[in-house]
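Have a look at this one before I ask anything.
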Amino acid sequence: MAHQKDFSTILFRGTLGFLAALTVVLLIAPTAVVLIVSFTDGYSLKFPPVSYSTRWYVELWNASHLHFAAMNSIQVGLATTLLSVVFGVLASLAIVGSKSRAARTLDSLFMSPLVLPALAFGFAALMTFSAVGWAVSITTLIIGHTAVCVPYVIRTTSAALAQMDPALLESSASLGASRWYSFRFVTLPLIRPGVMAGAFIAFMSSFDNVPVSLFLRDARTDMLPIRMWQDLEGKLDVTIAALSGVIIIFTLVMMIVMERVAGLSRRLRQG
Amino acid sequence: MQSSPEIVSPHAAQSAQTAPASAFGLKLQAIVQRYPGATSAAVDGISLDINAGELVALLGPSGCGKTTLLRIIAGFVAQTEGQIIVGETAIDALPPNKREVGVVFQNYALFPHMDALENVAYGLACRGAPKEQQVARAQEMLELVQMSHLAKRLPREMSGGQQQRVALARALAVKPRILLLDEPFAALDKSLRLDMQIEVKRIQRLAGITCLMVTHDQEEAQSMADRVAVIHQGRLEQYASPNEIYDFPRTLFVNQFVGNANSLKGTVASTAENQVGTVLVAGVSLPARLVSPSLKVGDSVWVCIRPEQLELRAATERIEGPGLKGVLTLSLPQGPQVIQEVQLGDGAAIKVAQARASNQTMLSSGTAVFAQLRDGSFCQAYAYV
């Protein structure tokens, strides 16, 4: 009996371990492949490379059209993050502070960009902007990106707010603090990690957004992910591998920083 | 600042400021709180008059409306009807941050991202007081609650008792007119509770502040409060000194909730002046205070006898005076006293408290006993409903 149990335990653990290992490999392998290929000495994206060099990183340094797209993407990303944080935090405060049905409805409404296909949203946004006579520009891009990024901030901020003891604000008020003072010196410091986690995800999701950018961009507002795809499609450019390498390293560093300051993974689980 | 109705000379105003902080009274006038959709009122017309510098306990079982009443006074909940007056001023229209009512919460609600000193200084900081003044006052308050040595600790690095001291210092630092304590000792270990009760009482006396404390613990209410307000189902049952509440409970609920009570069914046997009379319980006539008004001979009543009003004797002894016959079933030693359970002839069980003396021989279970009403003791009789 005990034997049998041991065997089934081993089998269970073994299967679970195998699946976990497989998942990790599947998740990490492509990233590793790109990183390795980016250091090739040749002109093709062949894996494994025959010889190694950093020439494509030098090439990247001089690729002004990529710099232009990257600057656009970073600009849009930062503006989107700022707007998402402002709107997301305000929306969370209203939603968490209210028990009304309207608030709960709004909560699901704000989450809809997460479920709604971004392609459909991008197309709808383009239609709307042309209907009101706005030409696509960096402004329309920022508006479009904000719509799909704000839910991330709402999620993490609401989770942080919901964890806050309501007695803290009552206590602050009874000590003579105005609502604004309480928000500034009690609420904000306590939800800051949640807001930062949301802001980080909002930035990252704006930075590599394709579907919305596809509809709302033009030559003047070239966005990095789309530029990368077009370059790769046309000429299998190894510079793109180097660019991917830079983005991967940047993301990893940011994730480590956010994990340190905001406990990112914990925030995401709560959200 | 105390608002004065008449214009006074600058000199007089100054002397009033340097005089020891005068305390404010608190008046609750017919407070009613109805929550939408609820069938009965959470607070049902409670009026209380609390003197300046007094410590009053709101005592009642959970859900009786005492916490709601506290939240109404603090301004966290707007009452449906009634008025709250601090000193001479109605504060109903004021938001919580303008009421000058300090609150110590059950879970202390210290700001988790601030150390003890910052927590205590918070009230002055949000009033825009200069930094040195904030720190000086906060240190003074931490001194008062004997927490100076832990000024740099975060709340999570403090024990429950330490957090409570800081919460108390924080509430008092802004010199509130009224201090509210919400179940202040409920979260503390029993061994720590008595120490903190003494401590809070000491600080309250020292600060000379009017204080309202919510509790469901009748011993706590009796030991700490100058007066106790017993609340049941949103209504004020009795408002009097702890002794009066204990010795002359005005309702059956108060009698049963405050202290222990043996409640037995009986009938009124005779009536006299000043509510005095006798009741018939289990065929025995006992002297009683007929508490409910207009009780007549023959009326059914609940007769309440405190365990310590009875004295246990072996049935074989020759005894004078009124008492109840029964059989001793259980003895529960409780430190200074022993609680003995006695089964009466009609099946009802009563408790008898006996002081424990070393030279005393204890009666054993199964002994036929006589629970004698002590000399000068009265039962309390309440209309049977």
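The sequence lines fix the lettering, A, B, ..., with proteins before strands; numbering per chain opens at 1. Side-chain atoms are counted along with the backbone in the values below, which use heavy atoms only and exclude waters and symmetry mates.
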Exercise. A:D165 and B:N107: which non-hydrogen atoms are nearest, and at how many Å?
Worked result: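 Taking every non-hydrogen atom into account, OD2-ND2, 2.7 Å.
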Exercise. In terms of heavy-atom pairs under 4.5 Å, which option from B:P176, B:A125, B:A74, B:G75 contacts chain A the most?
Worked result: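 Highest number of pairs under 4.5 Å: B:A125.
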Exercise. Contact part of A:L168 toward chain B, heavy-atom cut-off under 4.5 Å: side chain, backbone, both or neither?
Worked result: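 Contact with chain B: backbone and side chain both.
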Problem set entry | Within-4.5 Å side-chain heavy-atom neighbours: B:F76 and A:P166 |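 SC-SC contact between B:F76 and A:P166 ruled out.
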Problem set entry | Whether over 12 other heavy atoms sit under 6.0 Å from B:R202 CZ |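 Check passes, neighbour count above 12.
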For this session: Could you pull out the closest heavy-atom pair between A:A177 and B:N97, with the gap in Å?
Result: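 Heavy atoms only, the tightest pair is O-CB, 3.1 Å.
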Exercise. Hey, are the side chains of A:F185 and B:C126 touching, using non-hydrogen atoms and a 4.5 Å cut-off?
Worked result: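 Not touching, per the 4.5 Å side-chain cut-off.
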Problem set entry | A:M255 atom CE, over 12 foreign heavy atoms within 6.0 Å |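 Count not over threshold, so no.
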For this session: Please look at B:A171 and chain A and tell me whether the side chain, the backbone, both or neither of the residue comes under 4.5 angstrom of a heavy atom of that chain.
Result: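 The backbone, not the side chain.
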For this session: Determine the option with the most heavy-atom pairs under 4.5 angstrom with chain A, choosing from B:A173, B:P95, B:P112.
Result: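 Top option by heavy-atom pairs under 4.5 Å: B:P112.
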For this session: Compare all side-chain heavy atoms of A:S174 with those of B:V101 and state whether any distance is below 4.5 angstrom.
Result: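 Side chain of A:S174 against side chain of B:V101, heavy atoms only: no contact under 4.5 Å found.
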Exercise. Of the backbone (N, CA, C, O) and the side chain (C-beta and beyond), which part of B:R127 lies under 4.5 Å from a heavy atom of chain A, both, or neither?
Worked result: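 For B:R127, the contact with chain A is made by the side chain alone.
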Problem set entry | Most chain B-contacting option - heavy-atom pairs closer than 4.5 Å, from A:S178, A:S172, A:P189 |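 Of the options given, most contacts go to A:S172.
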Exercise. Between A:S171 and B:F111, is any pair of side-chain heavy atoms under 4.5 Å apart?
Worked result: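 Sidechains of B:F111 and A:S171: in contact.
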Problem set entry | Sub-4.5 Å side-chain heavy-atom contact between A:E170 and B:V103 |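 Not touching, per the 4.5 Å side-chain cut-off.
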Exercise. Quick one: what part of B:L124 sits under 4.5 Å from any heavy atom of chain A, side chain, backbone, both or neither?
Worked result: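 No part of it gets close to chain A.
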For this session: Specify the closest pair of heavy atoms between A:L175 and B:R170, including all atoms of both residues, with the distance to one decimal.
Result: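 Heavy-atom minimum between the residues: CD2-O, 3.4 Å.
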Exercise. Is the number of heavy atoms from other residues, nucleotides or ligands under 6.0 Å of B:K27 NZ greater than 12?
Worked result: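 Count not over threshold, so no.
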Exercise. Which bit of B:R71 is near chain A, if near means a heavy-atom gap under 4.5 Å: side chain, backbone, both or neither?
Worked result: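 For B:R71, the side chain is the part near chain A, not the backbone.
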